[in-house]
Each structure stands twice: as C-alpha cells, then as structure tokens.
Peer 1: 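The structure's right below; bear with me while I get my questions together.
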Amino acid sequence: SPPTARLAGSGRVAALRKEGREQLDAINAKGREIAGSLKKASAAAETSWEELKHRAETLIGEARSAAVSFASRIRDAISR
C-alpha cells in the first residue's frame with residue numbers, strides 16, 4: 001500500500017489507542033467511584049445492602065457499556 005495510506009492507518013490506530021486509554025481511565029474512575037460509594041455507605045447504617053448493590057450494578061453497567069462501545073469501534077476500524 002502507498003506510504004500515505006500506511007500513515008493514515010497508523011494515525012487511526014494512534015487515535016484508537018488514545019481513545020482506549022481514555023476509556024480505561026474512565027472505567028478506573030468508575031471503579032474508584034464505586035469504592036468510595038461503598039465506603040461511605042458502609043459507614044451509614046441506614047443504607048441497605050440492596051441499595052449498595054443497585055448503585056454498584058448501575059456504575060458497572062455504565063462502564064461495561066462504554067467498553068463495549070469502544071470495542072465495537074475498534075472492530076469497525078480494523079475491518080476497514
């Protein structure tokens with residue numbers, strides 16, 4: 001393939017890697033948020049286990065959705 005096509009492809013890969021790092025940072029931030037929520041909630045006796053579980057599942061679901069979306073974009077870029 002022509003050199004410019006390789007450069008365009010490497011630029012796309014670099015952009016995907018950057019986006020991947022950003023997504024990973026976001027997932028890690030969600031993990032810290034979950035840990036903080038659980039720590040605060042464990043100190044509050046009125047918070048039920050079901051409420052904690054629901055909050056954690058919601059945050060994990062959001063992180064999972066972001067990861068699935070990113071993986072889909074990578075597959076699309078690779079198949080081009």
Peer 1: Please check: side-chain N/O of Ser37 versus main-chain N/O of Glu33, any donor-acceptor pairing under 3.5 Å?
Peer 2: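 Side chain of Ser37 to backbone of Glu33, a donor-acceptor pair under 3.5 Å: yes, one is there.
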Peer 1: Indicate the atoms forming the closest heavy-atom contact of Leu59 with Lys30, along with that distance.
Peer 2: CD2-NZ, 3.8 Å
Peer 1: Please write out which residues are connected to Ile78 in a hydrophobic cluster, directly or through intermediates, given that two of Ile, Leu, Val, Met, Phe, Trp, Tyr count as joined at side-chain heavy-atom separations below 4.5 angstrom.
Peer 2: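 Leu16, Phe70, Ile74, all in the cluster of Ile78.
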Peer 1: Does atom CZ (Arg73) have a neighbourhood of more than 12 heavy atoms from anything else shown, all under 6.0 Å?
Peer 2: yes
Peer 1: Quick one: does any side-chain atom of Thr58 pair with a main-chain N or O of His54 as donor and acceptor, under 3.5 Å?
Peer 2: yes
Peer 1: Please name the pair of heavy atoms, one in Arg12 and one in Ala77, separated by the smallest distance, quoted to 0.1 Å.
Peer 2: NH2-O, 3.7 Å
Peer 1: Decide salt bridge (Lys or Arg N to Asp or Glu O under 4.0 Å) for Glu51 and Arg55; before the verdict, give the C-alpha distance in whole Å, the side-chain angles of both, and the deciding distance to 0.1 Å.
Peer 2: CA-CA 6 Å; Glu51 290 174 43; Arg55 178 70 177 144; over 6 Å; no
Peer 1: For Ile27 and Ala67, which heavy atoms make the closest approach, and how far apart are they?
Peer 2: CD1-CB, 3.9 Å
